[in-house]
Undergrad: 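Handing you this structure, nothing more for now.
Protein chains get the first letters and strands the later ones, always in sequence-line order, with residue 1 at the start of each.
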Amino acid sequence: MALWSREALKQGAVMVAPMLLGSVIRSGDVAVRLTEVEAYEGFRDPGSHAYRGPTPRTQIMFGQAGFAYVYFSYGMHHCLNVVCGRTGTASAVLLRGGEVIDGLEVARNRRNAGRSQGHPDRDLARGPARLASALGVDLHHKGVDLCDPASIVQLEMGSPSRSRRVETGPRVGVSGPGGDGTTYPWRFWLGGDPTVSTYRAAKSRLPRSRQEH
DNA sequence: CGTGCGATTATCT
DNA sequence: GATAATCGCACGC
(Lines give C-alpha, C1' and ligand atoms only; values in the text may rest on other atoms or scores of the structure.)
Protein backbone atom coordinates (compact mmCIF):
# COMPACT_ATOMS: atom_id res chain seq x y z
CA MET A 1 0.00 0.00 0.00
CA ALA A 2 1.39 3.40 -1.00
CA LEU A 3 2.20 5.91 1.71
CA TRP A 4 1.09 9.52 1.86
CA SER A 5 3.59 11.83 0.15
CA ARG A 6 5.20 14.68 2.05
CA GLU A 7 4.24 17.03 -0.79
CA ALA A 8 0.53 16.31 -0.35
CA LEU A 9 0.74 16.96 3.39
CA LYS A 10 2.32 20.34 2.78
CA GLN A 11 -1.10 21.67 1.72
CA GLY A 12 -1.80 22.25 5.40
CA ALA A 13 -3.91 20.62 8.09
CA VAL A 14 -7.29 22.11 7.17
CA MET A 15 -6.96 20.89 3.56
CA VAL A 16 -5.43 17.54 4.46
CA ALA A 17 -7.65 16.58 7.42
CA PRO A 18 -10.79 15.60 5.45
CA MET A 19 -8.63 13.79 2.90
CA LEU A 20 -7.15 11.63 5.65
CA LEU A 21 -10.54 10.05 6.35
CA GLY A 22 -10.39 6.52 4.99
CA SER A 23 -6.59 6.51 5.10
CA VAL A 24 -4.75 4.05 7.30
CA ILE A 25 -2.28 4.64 10.13
CA ARG A 26 -0.11 1.57 10.73
CA SER A 27 2.16 0.93 13.70
CA GLY A 28 3.85 -2.44 13.71
CA ASP A 29 1.15 -5.11 13.69
CA VAL A 30 -1.80 -2.77 14.22
CA ALA A 31 -3.50 -0.73 11.50
CA VAL A 32 -6.39 1.73 11.92
CA ARG A 33 -8.64 3.11 9.18
CA LEU A 34 -9.24 6.74 10.11
CA THR A 35 -12.83 7.93 10.54
CA GLU A 36 -12.35 11.08 12.64
CA VAL A 37 -9.66 13.81 12.66
CA GLU A 38 -9.16 17.45 13.70
CA ALA A 39 -7.02 20.20 12.16
CA TYR A 40 -4.85 22.57 14.21
CA GLU A 41 -2.96 25.62 13.00
CA GLY A 42 -0.37 27.82 14.69
CA PHE A 43 -0.46 31.49 15.54
CA ARG A 44 -3.99 32.13 14.30
CA ASP A 45 -5.48 29.17 16.20
CA PRO A 46 -6.04 29.66 19.96
CA GLY A 47 -6.86 25.96 20.30
CA SER A 48 -3.42 24.90 19.08
CA HIS A 49 -0.50 23.99 21.30
CA ALA A 50 1.57 26.12 18.91
CA TYR A 51 -0.56 29.26 19.38
CA ARG A 52 2.03 31.02 21.54
CA GLY A 53 4.95 30.07 19.33
CA PRO A 54 7.44 27.23 19.39
CA THR A 55 8.46 25.55 22.66
CA PRO A 56 10.57 22.42 23.10
CA ARG A 57 7.37 20.38 22.99
CA THR A 58 5.81 22.00 19.92
CA GLN A 59 8.94 22.66 17.89
CA ILE A 60 8.28 19.68 15.67
CA MET A 61 4.98 21.20 14.54
CA PHE A 62 6.97 24.04 12.97
CA GLY A 63 9.16 21.59 11.09
CA GLN A 64 8.74 19.51 7.98
CA ALA A 65 5.41 17.87 7.10
CA GLY A 66 4.97 14.13 7.51
CA PHE A 67 6.44 13.69 10.97
CA ALA A 68 4.61 12.54 14.10
CA TYR A 69 3.75 15.02 16.84
CA VAL A 70 2.85 13.06 19.98
CA TYR A 71 1.86 14.76 23.21
CA PHE A 72 1.17 13.46 26.71
CA SER A 73 -2.06 14.71 28.19
CA TYR A 74 -3.94 14.68 31.49
CA GLY A 75 -1.07 12.86 33.14
CA MET A 76 -1.91 9.52 31.51
CA HIS A 77 -2.86 9.68 27.81
CA HIS A 78 -1.00 10.05 24.53
CA CYS A 79 -2.35 11.60 21.31
CA LEU A 80 -0.93 11.30 17.80
CA ASN A 81 -0.81 14.09 15.18
CA VAL A 82 0.49 14.28 11.61
CA VAL A 83 2.54 17.43 11.00
CA CYS A 84 1.34 19.27 7.88
CA GLY A 85 2.00 22.54 6.08
CA ARG A 86 5.17 24.31 5.06
CA THR A 87 8.27 24.34 7.22
CA GLY A 88 8.08 27.34 9.53
CA THR A 89 4.31 27.15 9.97
CA ALA A 90 2.68 25.13 12.74
CA SER A 91 0.01 22.84 11.30
CA ALA A 92 -1.03 19.36 12.34
CA VAL A 93 -3.90 16.89 12.14
CA LEU A 94 -4.94 15.11 15.34
CA LEU A 95 -5.98 11.51 14.69
CA ARG A 96 -9.14 11.15 16.77
CA GLY A 97 -10.71 7.86 15.85
CA GLY A 98 -10.88 4.91 13.52
CA GLU A 99 -11.52 1.24 12.93
CA VAL A 100 -8.88 -1.36 13.76
CA ILE A 101 -8.47 -3.30 10.51
CA ASP A 102 -5.28 -5.20 11.35
CA GLY A 103 -3.74 -6.54 14.53
CA LEU A 104 -7.08 -6.83 16.33
CA GLU A 105 -5.71 -9.21 18.97
CA VAL A 106 -2.75 -6.94 19.78
CA ALA A 107 -5.02 -3.89 19.98
CA ARG A 108 -7.46 -5.69 22.27
CA ASN A 109 -4.68 -6.74 24.60
CA ARG A 110 -3.28 -3.22 24.81
CA ARG A 111 -6.63 -1.54 25.40
CA ASN A 112 -8.06 -4.08 27.80
CA ALA A 113 -4.93 -4.66 29.88
CA GLY A 114 -5.67 -4.32 33.59
CA ARG A 115 -9.43 -3.90 33.07
CA SER A 116 -12.13 -6.24 34.29
CA GLN A 117 -14.48 -5.52 31.41
CA GLY A 118 -13.23 -5.65 27.80
CA HIS A 119 -14.12 -2.95 25.29
CA PRO A 120 -16.24 -3.72 22.23
CA ASP A 121 -14.02 -3.82 19.12
CA ARG A 122 -15.51 -0.61 17.71
CA ASP A 123 -14.27 1.28 20.81
CA LEU A 124 -10.65 0.11 20.50
CA ALA A 125 -9.54 3.24 18.59
CA ARG A 126 -12.56 5.48 19.22
CA GLY A 127 -11.04 8.66 20.68
CA PRO A 128 -7.53 10.11 20.28
CA ALA A 129 -5.95 8.55 23.39
CA ARG A 130 -7.60 5.22 22.66
CA LEU A 131 -6.30 5.32 19.10
CA ALA A 132 -2.73 5.99 20.25
CA SER A 133 -3.05 3.27 22.86
CA ALA A 134 -4.32 0.72 20.33
CA LEU A 135 -1.36 1.56 18.10
CA GLY A 136 1.09 1.37 21.00
CA VAL A 137 2.18 4.95 20.28
CA ASP A 138 3.71 7.10 23.04
CA LEU A 139 6.26 9.91 23.40
CA HIS A 140 8.98 7.65 22.05
CA HIS A 141 7.26 7.90 18.66
CA LYS A 142 7.39 11.68 18.55
CA GLY A 143 9.39 12.71 15.48
CA VAL A 144 8.92 9.49 13.52
CA ASP A 145 8.70 10.07 9.75
CA LEU A 146 5.27 8.75 8.74
CA CYS A 147 6.15 9.03 5.04
CA ASP A 148 9.15 6.68 5.27
CA PRO A 149 8.45 3.01 4.46
CA ALA A 150 11.22 2.07 6.89
CA SER A 151 9.50 3.74 9.86
CA ILE A 152 7.74 1.88 12.64
CA VAL A 153 4.67 4.07 12.13
CA GLN A 154 3.41 4.86 8.62
CA LEU A 155 0.54 6.77 7.03
CA GLU A 156 -0.99 4.83 4.13
CA MET A 157 -3.37 6.12 1.50
CA GLY A 158 -6.85 4.61 1.68
CA SER A 159 -8.60 2.67 -1.02
CA PRO A 160 -10.28 5.14 -3.43
CA SER A 161 -13.55 3.19 -3.44
CA ARG A 162 -14.23 4.07 0.20
CA SER A 163 -16.34 7.10 -0.44
CA ARG A 164 -18.51 8.26 2.44
CA ARG A 165 -20.06 11.50 3.54
CA VAL A 166 -17.64 13.81 5.35
CA GLU A 167 -19.22 15.83 8.15
CA THR A 168 -17.77 18.88 9.90
CA GLY A 169 -18.15 20.47 13.32
CA PRO A 170 -16.41 22.13 16.27
CA ARG A 171 -13.39 20.43 17.77
CA VAL A 172 -13.73 18.37 20.92
CA GLY A 173 -12.57 19.56 24.33
CA VAL A 174 -10.75 22.64 23.02
CA SER A 175 -10.73 25.51 25.49
CA GLY A 176 -8.00 28.02 24.60
CA PRO A 177 -7.52 31.61 25.83
CA GLY A 178 -10.71 32.87 24.17
CA GLY A 179 -12.85 29.93 25.22
CA ASP A 180 -14.92 27.65 22.99
CA GLY A 181 -16.20 30.51 20.89
CA THR A 182 -12.87 31.09 19.18
CA THR A 183 -12.60 27.54 17.90
CA TYR A 184 -12.96 26.72 14.25
CA PRO A 185 -15.17 23.98 12.73
CA TRP A 186 -12.13 21.85 12.05
CA ARG A 187 -13.34 18.46 13.22
CA PHE A 188 -13.98 16.09 10.32
CA TRP A 189 -15.57 12.65 10.45
CA LEU A 190 -17.30 10.03 8.31
CA GLY A 191 -21.03 10.41 8.88
CA GLY A 192 -22.69 7.50 10.62
CA ASP A 193 -19.51 5.57 11.28
CA PRO A 194 -19.66 3.75 14.65
CA THR A 195 -15.97 4.38 15.38
CA VAL A 196 -16.41 8.16 15.54
CA SER A 197 -16.11 9.40 19.14
CA THR A 198 -19.05 11.11 20.85
CA TYR A 199 -18.80 14.88 21.14
CA ARG A 200 -17.84 16.40 24.48
CA ALA A 201 -17.54 20.13 25.03
CA ALA A 202 -14.54 21.61 26.80
CA LYS A 203 -14.72 20.94 30.53
CA SER A 204 -15.31 23.96 32.70
CA ARG A 205 -12.09 24.55 34.59
CA LEU A 206 -13.31 26.70 37.46
CA PRO A 207 -13.99 24.85 40.70
CA ARG A 208 -17.46 25.33 42.10
CA SER A 209 -16.24 27.47 44.97
CA ARG A 210 -14.89 30.01 42.49
CA GLN A 211 -17.72 29.93 39.95
CA GLU A 212 -20.12 31.67 42.29
CA HIS A 213 -19.36 35.30 42.96
C1' DC B 1 -29.25 7.67 26.64
C1' DG B 2 -26.80 11.97 29.26
C1' DT B 3 -24.08 14.55 32.83
C1' DG B 4 -20.33 14.92 36.37
C1' DC B 5 -16.05 13.89 38.52
C1' DG B 6 -11.41 12.41 39.55
C1' DA B 7 -7.04 10.22 38.05
C1' DT B 8 -2.08 11.67 37.30
C1' DT B 9 2.16 14.11 35.27
C1' DA B 10 4.77 16.52 31.22
C1' DT B 11 4.97 20.96 30.18
C1' DC B 12 4.79 25.81 30.58
C1' DT B 13 4.58 30.39 33.35
C1' DG C 1 2.00 26.13 41.06
C1' DA C 2 -1.51 25.60 37.34
C1' DT C 3 -3.00 23.61 33.42
C1' DA C 4 -4.69 20.05 30.02
C1' DA C 5 -6.56 18.57 21.97
C1' DT C 6 -9.10 12.51 27.71
C1' DC C 7 -11.09 8.46 29.62
C1' DG C 8 -13.78 5.36 32.43
C1' DC C 9 -16.85 4.88 35.94
C1' DA C 10 -20.86 6.26 38.70
C1' DC C 11 -25.33 7.71 38.82
C1' DG C 12 -29.97 9.61 37.03
C1' DC C 13 -33.52 9.44 33.54
Side-chain angles (χ1 to χ4, degrees), chain A residues 13-14 16-17 20 25 32 34-62 68-85 90-98 107-108 110-143 168-189 194-212:
Chain A
V14 179
V16 167
L20 282 179
I25 183 80
V32 172
L34 299 172
T35 59
E36 180 191 357
V37 297
E38 281 175 3
Y40 288 84
E41 292 295 341
F43 292 105
R44 68 171 167 141
D45 179 7
S48 172
H49 290 165
Y51 180 53
R52 297 173 191 276
T55 65
R57 176 177 63 154
T58 61
Q59 201 160 23
I60 192 156
M61 288 178 84
F62 291 84
Y69 167 55
V70 181
Y71 67 91
F72 184 65
S73 189
Y74 291 95
M76 61 195 88
H77 302 301
H78 297 274
C79 296
L80 171 62
N81 298 248
V82 180
V83 174
C84 294
S91 182
V93 176
L94 170 65
L95 308 184
R96 284 199 55 92
R108 282 188 193 124
R110 282 178 179 149
R111 292 274 298 109
N112 295 331
R115 257 176 279 267
S116 51
Q117 184 95 9
H119 293 269
D121 283 348
R122 72 159 164 272
D123 284 353
L124 290 176
R126 187 182 192 223
R130 291 163 161 186
L131 186 149
S133 171
L135 291 173
V137 163
D138 60 26
L139 282 179
H140 294 116
H141 301 264
K142 185 175 175 179
T168 306
R171 295 175 296 184
V172 175
V174 176
S175 44
D180 309 353
T182 62
T183 60
Y184 300 83
W186 286 348
R187 178 181 185 228
F188 305 90
W189 68 93
T195 64
V196 174
S197 72
T198 52
Y199 181 81
R200 286 164 121 150
K203 174 181 169 185
S204 168
R205 275 166 289 114
L206 294 173
R208 248 159 61 118
S209 56
R210 299 173 106 207
Q211 277 185 351
E212 329 172 355

Undergrad: Let's test your reading of the pairing rules: Watson-Crick or G-U wobble, both distances under 3.5 Å, then write DNA chain C as a dot-bracket string with ( ), [ ], | and dots.
TA: ||||.|||||||.
Undergrad: A:Met61 has an atom CE; how far is it from atom P of C:dA5, in whole Å?
TA: 11 Å
Undergrad: A:Ser48 side chain to A:Glu41 main-chain N or O, any donor-acceptor pair under 3.5 Å?
TA: yes
Undergrad: With a 4.0 Å cut-off on heavy atoms, is A:His78 in touch with a base, just the backbone sugar-phosphate, or nothing at all?
TA: nothing
Undergrad: Apply side chain to side chain donor-acceptor pair (under 3.5 Å) to A:Thr58 and list each qualifying residue two or more places apart in sequence or on a separate chain.
TA: A:Thr55
Undergrad: Under 4.0 Å, counting only non-hydrogen atoms across every strand here, what does A:Arg200 touch: a base, just sugar-phosphate, or nothing?
TA: base
Undergrad: Take nucleotides 8-13 of chain B nucleotide by nucleotide from the 5' end and write B, S or -, depending on whether a protein heavy atom sits under 4.0 Å from the base, only from the sugar-phosphate, or from neither.
TA: BBSSS-
Undergrad: For the residue pair A:Arg44 and A:Tyr184, what are the closest heavy atoms and their distance?
TA: O-OH, 2.8 Å
Undergrad: Mind checking if A:Arg187 touches a base, just sugar-phosphate, or nothing, with heavy atoms under 4.0 Å?
TA: nothing
Undergrad: Holding to ring pair (Phe, Tyr, Trp, His ring centres under 6.0 Å), I want the full list of residues that pass it with A:His78, two or more places apart in sequence or in another chain.
TA: A:Phe72
Undergrad: Over all heavy atoms of both residues, which pair between A:Phe62 and A:Phe43 is shortest? Give the atoms and the distance, please.
TA: CE2-CE1, 3.9 Å
Undergrad: Do the non-hydrogen side-chain atoms of A:Leu95 and A:Val82 ever get within less than 4.5 Å of each other?
TA: yes
Undergrad: Rounded to whole angstroms, how far apart are CD on A:Glu36 and C1' on C:dT6?
TA: 12 Å
Undergrad: So, is A:Arg126 near the phosphate of C:dC7, with a side-chain N or O under 4.0 Å from OP1 or OP2?
TA: no
Undergrad: NE2 of A:His77 versus C1' of C:dG8: gap in Å, rounded?
TA: 8 Å
Undergrad: Between the base of C:dA5 and the side chain of A:Tyr71, is there any donor-acceptor pair under 3.5 Å?
TA: yes
Undergrad: Within this structure, what is the CG-to-P distance between A:Leu95 and C:dT6, rounded to whole angstrom?
TA: 13 Å
Undergrad: Are OP1 or OP2 of C:dA5 and a side-chain N or O of A:His49 less than 4.0 angstrom apart?
TA: yes
Undergrad: Please list, chain by chain and in numerical order, all residues satisfying side chain to side chain contact (heavy atoms under 4.5 Å, CB included) with A:Arg110, sequence neighbours excluded.
TA: A:Val30, A:Val106
Undergrad: Looking at A:Leu124, is its backbone amide N or carbonyl O close enough to the side chain of A:Arg111 to form a donor-acceptor pair, meaning the two atoms are under 3.5 Å apart?
TA: yes
Undergrad: Of all residues at least two apart in sequence or in a different chain, which pass the ring pair (Phe, Tyr, Trp, His ring centres under 6.0 Å) check with A:Tyr71?
TA: A:His49, A:Tyr69
Undergrad: Could you state the CG-C1' distance from A:Leu124 to C:dC7, rounded to the nearest angstrom?
TA: 14 Å
